[in-house]
> 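Supplied in structure tokens, the structure appears directly below.
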4 protein chains.
Amino acid sequence: MKKKISDPKQRLLETATSLFYNQGYHATGINQVIEEAGVARASLYTHYESKESLLLAFLHQRHTDWMEGLQRFTDKATKPKEKIAAAFDFLFDNNEKEHFRGCAFLNILSETTDNDTAVLAVIQDHKKGLRAFLGEILAKEKQGIKDHVYLLFESAIVESQLYRHQWPVQEARKMAVGLL
Amino acid sequence: MKKKISDPKQRLLETATSLFYNQGYHATGINQVIEEAGVARASLYTHYESKESLLLAFLHQRHTDWMEGLQRFTDKATKPKEKIAAAFDFLFDNNEKEHFRGCAFLNILSETTDNDTAVLAVIQDHKKGLRAFLGEILAKEKQGIKDHVYLLFESAIVESQLYRHQWPVQEARKMAVGLL
Amino acid sequence: MKKKISDPKQRLLETATSLFYNQGYHATGINQVIEEAGVARASLYTHYESKESLLLAFLHQRHTDWMEGLQRFTDKATKPKEKIAAAFDFLFDNNEKEHFRGCAFLNILSETTDNDTAVLAVIQDHKKGLRAFLGEILAKEKQGIKDHVYLLFESAIVESQLYRHQWPVQEARKMAVGLL
Amino acid sequence: MKKKISDPKQRLLETATSLFYNQGYHATGINQVIEEAGVARASLYTHYESKESLLLAFLHQRHTDWMEGLQRFTDKATKPKEKIAAAFDFLFDNNEKEHFRGCAFLNILSETTDNDTAVLAVIQDHKKGLRAFLGEILAKEKQGIKDHVYLLFESAIVESQLYRHQWPVQEARKMAVGLL
DNA sequence: AATGAATGAGCCTTCATTCAT
DNA sequence: GATGAATGAAGGCTCATTCAT
């Protein structure tokens, strides 16, 4: 079961990923998606029920990829404190690679209302997953410390997007490490 | 030179404020704005050059109002530690009143690319203003403490929006107060 | 692969032809075009990139049709002098059929600035084609005569539009024939 | 009864003249007119009944100015043949000064339908005036020669606009002079 | 599975004009 | 006479989706 190089479904997802992430969901039209993906308009609807379902696919994929990246960074270290430091290094690396576009989930969250229950659920699940992931690294710490690190971690992402600068990552990293 | 009760410019700004904040900038059409404001389509352009300039007006107004609100809360306290606690109480209060829609500036930031220089500048100025405000309260503290409080403050806003829950505000408040 | 009776692209072109020619380009709105063509608004953009590209399509089609008509008239005669006379008869005929709306290309030229390079090029190409066509009929004449006939031919079109009268065609015809 | 330097009515007329002539009537919005004239929107309607009446004012003024210019050129010569040559030199001069925008009246004619009776009348009157003017210079010639020169004169204007080149003026001048 | 055509609704902006001051 | 505000209609174009092939 080989995948074609030019698998339309995959190309649509990749294009949507790039566009939704970099310019936002509502600012991205499906015209742009299908054009950059190089597929026919109707083909989008062969593979995805709607624009929103393409958004959901993007978020799911992003969750997997992002958590894998985080895992890869933290796996390099052994001690909890070092793992946490490595987690912040992952943010630093992402900022470089993705030009400070911040968190895909929080960005979409900003475009989401209470009516978009499916989208909201995926976003919250992602963050719960992250929180749990950091919590496991800090299994021996008290809940207060876990939360504290998590909140600093979140700030680091958002604030480096805001200022287009790494200082929040670096400062938050110091603070988090200092807590441990 | 009295102001009319139904000043259209003001109504447009109020309507835009509500819509941009609650459902996002790109998700809000000019049609909805003028309809809810009860003005003719072209009247919008008598007062605002473009949709983006209406957005900028909203952000400026929001900055003023929000900082005033924050000021009002912190003025109630005298000691720095209490002022910081009061600042978090302001967030708590906002969440109740605005149904966890989070930070207007960070939400718009998510819909903003590097090309939107004017918008980006207003957002960054707002956050610099907030950071400076908190920094003055903590004038006697080291820069590291100031930053730490600021990052927790930001987290509190974002995460309570994400979870539609006050716990991040309450936890971050405890942590911040604990630092002082 | 049969063509549908109500081919929308063709209907759009025909409608645009009639409207652009009879009331001008800028005076014709897209709304009027789609309404009279009986197609949905967006369908226009399925077939034509923009209003200007519809204009270009109109001019191209008009060039072909008009030159064919001219050809048909001049083919009836054998001697150059008679062919030229027949060319003026073609103008006479057009004026009757099209109610003295003059030259589609010169009319659009009036609405064209130096920035509209694509449109300007089509217009100039049309006139170069006409000039070459007349020049071939008068192959044995000197260049000065060729130009003279061409200029009278152009005057005949423009002035009969201006006065809503055939006299310029008839006078110019006499003059041109007299030159040969 | 002095005229103010910044007479609004005059400024409006001058601005409209420039814009209607250079970019066309329908392509010119009153916003652009009032902005470039530096007057308030409603002031336009203080002085002119409507956009069309501004157009008529432009055409009337243009007629006067243009005929004066033509007069000035032909006055330099004494013999009919030289006066006609001078008339063509006037066209040459205009083309240089006005960047080959052609005849203001014929351009507006292209944007005019049979319903625009007032506009059409002004245009026709202008051309009748020109034709009479040339006719008077050639008072001793037969009607056929008068018409011939007139038609070449008209061609010279239109075709130099079309090709953005002086050759039609120069060629038509030679032909006209050759007829006398 | 893939596609080009078609669509009603909506996008943001400007139109020419009128009104109250 | 001059003006800023206000307006309904229209400007050209794009939206997300569906349909017939």
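Source: prediction; values computed, not measured. Just so you know, these numbers use all the heavy atoms, side chains as well, and skip hydrogens, waters and symmetry mates. Within every chain, numbering begins at 1; the chains are lettered A, B, ... in the order of the sequence lines, protein sequences first and strands thereafter.
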> Checking C:Tyr21 against C:Glu98: is there a side-chain donor and acceptor pair closer than 3.5 Å?
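Yes, side-chain donor-acceptor contact under 3.5 Å.
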
> Rounded to the Å, how far apart are D:Leu55 CG and E:dA16 C1'?
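Atom-to-atom, D:Leu55 to E:dA16, this comes out as 14 Å.
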
> Would you say D:Glu36 and D:Thr15 are linked by a side-chain donor-acceptor pair, where the criterion is simply a distance under 3.5 Å?
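No, no side-chain donor-acceptor contact under 3.5 Å.
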
> Is the number of heavy atoms from other residues, nucleotides or ligands within 6.0 Å of CD (C:Gln32) greater than 12?
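Atom CD in C:Gln32 is crowded, with more than 12 foreign heavy atoms closer than 6.0 Å.
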
> Think C:Ser43 has a side-chain N or O under 4.0 angstrom from the OP1 or OP2 of E:dT7?
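So the side chain of C:Ser43 is within the cut-off, an N or O lying under 4.0 Å from OP1 or OP2 of E:dT7.
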
> Where does the angle between the aromatic ring planes of C:Phe20 and C:Tyr25 fall among parallel (under 30°), tilted (30 to 60°) and perpendicular (over 60°)?
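Perpendicular.
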
> Ignoring backbone atoms, establish whether C:His47 has a side-chain N or O less than 4.0 Å from OP1 or OP2 of E:dG4.
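No.
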
> Rounding to a whole Å, what distance do you find between D:Ile34:CD1 and F:dA5:C1'?
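Spelled out: CD1 on D:Ile34 to C1' on F:dA5 is 12 Å.
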
> Does the protein touch nucleotides 16-21 of chain F at the base, only the backbone, or not at all? Give it as B, S and - per nucleotide, heavy atoms under 4.0 Å.
BBBB--

> In whole angstroms, how far is the P atom of F:dA6 from the CZ atom of B:Arg11?
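Atom CZ in B:Arg11 sits about 9 Å away from atom P in F:dA6.
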
> Report the base-pairing partner of E:dA6 (Watson-Crick or G-U wobble, both distances below 3.5 angstrom), or none.
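Partner of E:dA6: F:dT17.
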
> Whole angstroms only, please: what is the CD-C1' distance between A:Gln10 and E:dA2?
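For the pair A:Gln10 CD and E:dA2 C1', the rounded distance is 18 Å.
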
> Go through the side-chain N and O atoms of D:Gln61 and D:Asp65 and say whether any donor and acceptor fall under 3.5 Å apart.
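The criterion, which ignores hydrogens and geometry beyond distance, is satisfied for D:Asp65 and D:Gln61.
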
> Nearest whole angstrom, please: distance from the C1' of E:dG10 to the CD of B:Glu35.
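Whole-Å distance recorded here is 12 Å.
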
> Rounding to a whole Å, what distance do you find between D:Lys9:NZ and F:dA2:P?
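Checked: the NZ to P distance equals 11 Å.
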
> Side chains of A:Gln161 and A:Asn107: donor-acceptor distance under 3.5 Å anywhere?
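Note: A:Gln161 and A:Asn107 side chains meet the donor-acceptor criterion.
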
> Are there more than 12 heavy atoms of other residues, nucleotides or ligands under 6.0 Å from atom CD of A:Glu49?
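Count not over threshold, so no.
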
> Can you tell me the pairing partner of E:dA1 across any strand shown, Watson-Crick or G-U wobble, with both distances under 3.5 angstrom?
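E:dA1 is paired with nothing.
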
> Taking for each residue the nucleotide of DNA chain E bearing the nearest heavy atom, is the 5' side occupied by B:Ala27 or by C:Ala40?
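Looking at DNA chain E, the more 5' nearest nucleotide goes with C:Ala40.
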
> To the nearest angstrom, how far is B:Gln32 atom CD from E:dT13 atom P?
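Rounding to the nearest Å, CD of B:Gln32 and P of E:dT13 are 16 Å apart.
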
